[in-house]
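Data block below; observations after.
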Protein chains: 2
Amino acid sequence: MAESPRPTVTMPDRDPGEPIHQWVFRALRRAIMTGHFPPGQAVTIRGLAESMNVSAMPVRDALRRLVAERALELLDNRRVRVPSMTTERFDELLTARITLETEAATRALPLIDDTRLRELHAIDDRINRADAAGAPDTVVEQNFLFHLTLYTARPGSIFVPLIESVWLQTGPFMRVALEETPSKDPIDRHIEALAAIADRDPAALRRAIEADIRDGIGHLGNTGLLVRKQRPPGRLLSPGRSPRRAAKIASETTRNAREAGLT
Amino acid sequence: MAESPRPTVTMPDRDPGEPIHQWVFRALRRAIMTGHFPPGQAVTIRGLAESMNVSAMPVRDALRRLVAERALELLDNRRVRVPSMTTERFDELLTARITLETEAATRALPLIDDTRLRELHAIDDRINRADAAGAPDTVVEQNFLFHLTLYTARPGSIFVPLIESVWLQTGPFMRVALEETPSKDPIDRHIEALAAIADRDPAALRRAIEADIRDGIGHLGNTGLLVRKQRPPGRLLSPGRSPRRAAKIASETTRNAREAGLT
DNA sequence: GCTTGCAAAATGTGATCACATTATGCGCTT
DNA sequence: AAGCGCATAATGTGATCACATTTTGCAAGC
């Protein structure tokens, strides 16, 4: 590993009039969600700026946004990296997805019209075709789109951004998962979800969504892919004399409280 | 309203070695969560920078972070403001709080030790004293701290940042709520929660948390404080010729999908 | 061979400036 | 008197630079 393992980021088309920092953000978000950044990967402002042929400023903005959405992790030395995955973290993410998405689906259900239902069917078809064609990236993408299309039936939902944050956090794990797990071709939970929508059956929809999430990533929890505890190389508290960050060590509760401004 | 109604932001103490942008972020976060920024309030980089006696750069960073956490709203004209509240939005926020916090409490329950339980009792005492002394700001703060201390019993929980994002979104509404609603002095749900913790009773804890959330802000949904639809003054799509943002109008689903990089 | 110390490179942070776009205020026209 | 148009001010975006801190590379010492 002598070479700098800089992962190339494929840039999407830039919308006319779109700010560069949002363009960069979209590129990084896609790269992270599809797992093109391996867990633990360090990312630097200047490095990304050079590889994307933009100045440092938009990259800085995009990184800050990604850190705020928990897609990236800010170490105490002010450096940014892709979070690594532990069994505990994986379990939390799975639970969070189920908790949020079953509720979002239930609340969206009464607002799904025929047009949207047809669109959902179309996406599911695309998933099946991509799966048959052996295009796992497309499968993952269209699967996210299926869920997103379902939840956004309720406009302005608070849940969607929260769900997307969780998706981003599971992203770095996706590629490893796609490469290592046999395509087990499970029962199509989307069919069950679509049937529940047609029946206007909230309980059945909840069951289908939860099963879909568990089928998708749940079985990965027991593979050997997860690290146990992972004290990161860039440690969470630096050792020597360091006038820059003289703040005392604080418990997570205290730290959160302070950041929240709770005296 | 001829004067510029710039809300003064009281700056907290700056930790030694703390970056300025984080200092600014903490100040703004606190101001927003305690409702010192009225809904609809416009915020500008230069304006805040001047009133805080810092340069524009850290303010720009802090605003971007707050927008990412949905504490502030980014209009299409690239201007930032405090989101306004609608009945639909309020209902979503209430549901999101209950969904997330009951789950977080359940998952934290097995990890609460005696020390933390005592700390929770101490916070509840402080709430009661502040309530008796007529200090609503302290009541709100310590109430958040109570919940935060409960959920962070499980270290590294994914739920805590999600919950904090929802708190931030309810923040601007808090001051209005505190000023307009009579202190109805409801039954102390925290006592019920503490009893459920002592009994290690997850179902009872869920009930207590949900009741606490509903008692705290739920009754505000029927007051006349909420706007119905609110097409904002800074409209969501600008009128004239505008080479800067030539992107076509897109549905929420499409916009989300594009931002997520889902082709 | 491994550690220690120091110099050089790399990195995040913050400040300042230029520019395009947007908002605002004022005078003019009807 | 009200609506319109234009000049001016205000704002977000992006670039570049300086600086303190951190990391890295390498050589000297045990």
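Each chain gets a letter, A, B and so on, in the order the sequences are listed, and its residues count up from 1.
Between the CG atom of Leu63(B) and the C1' atom of dG14(D) there is a distance of 17 Å, given to the nearest Å. Spacing between atom CG of Leu74(A) and atom P of dG12(C) amounts to 10 Å, rounded to whole angstrom units. Atom CG in Asp61(B) sits about 14 Å away from atom P in dG12(D), given to the nearest Å. Rounded to whole angstrom, the span from the CZ atom of Arg79(B) across to the P atom of dT22(C) amounts to 9 Å. Taking atom CD1 on Ile45(B) and atom C1' on dC17(C), their separation rounds to 15 Å, with Å as the unit. Protein atom CD of Glu50(B) is 15 Å distant from nucleotide atom P of dA15(C), rounded to whole Å. Rounded to an integer number of Å, the gap from Met57(A) CE to dT13(D) C1' is 9 Å. Atom CG of Asp76(A) is separated from atom C1' of dT22(D) by 11 Å (rounded to the nearest Å).
Relative to the side chain of His21(B), the nucleotides dA18(C), dA18(D), dG14(C) differ in distance, and dG14(C) lies closest. Out of dA15(D), dG12(D), dG14(D), the shortest distance to the side chain of Ser55(A) is found at dA15(D). With dA23(C), dT22(D), dT13(D) as the choices, the nucleotide that has an atom nearest any side-chain atom of Asn77(B) turns out to be dA23(C).
Residues in residues 12-34 of chain A take part in no ring-ring contact (aromatic ring centres under 6.0 Å, His included) pair, two or more places apart or across chains.
In this structure the side chain of Arg97(B) reaches within 4.5 angstrom of the side chain of His147(B), judged on heavy atoms.
A salt bridge links Arg65(A) with Glu69(A); the closest basic N to acidic carboxylate O contact falls under 4.0 Å. Using a cutoff of 4.0 Å between basic side-chain nitrogens and carboxylate oxygens, Asp15(B) and Arg26(B) are scored as salt-bridged.
Annotation: of the two residues near DNA chain D, Val43(B) and Pro58(A), the 5′-most nearest-nucleotide partner is Val43(B).
Of the side-chain N and O atoms in Arg64(A), one or more sit less than 4.0 angstrom from OP1 or OP2 of dT13(C).
Nearest heavy atoms, Ala153(B) versus Leu111(B): O-CB, 3.7 Å.
At a cut-off of 3.5 angstrom, the base of dG12(D) holds no donor-acceptor pair with the side chain of Arg60(B).
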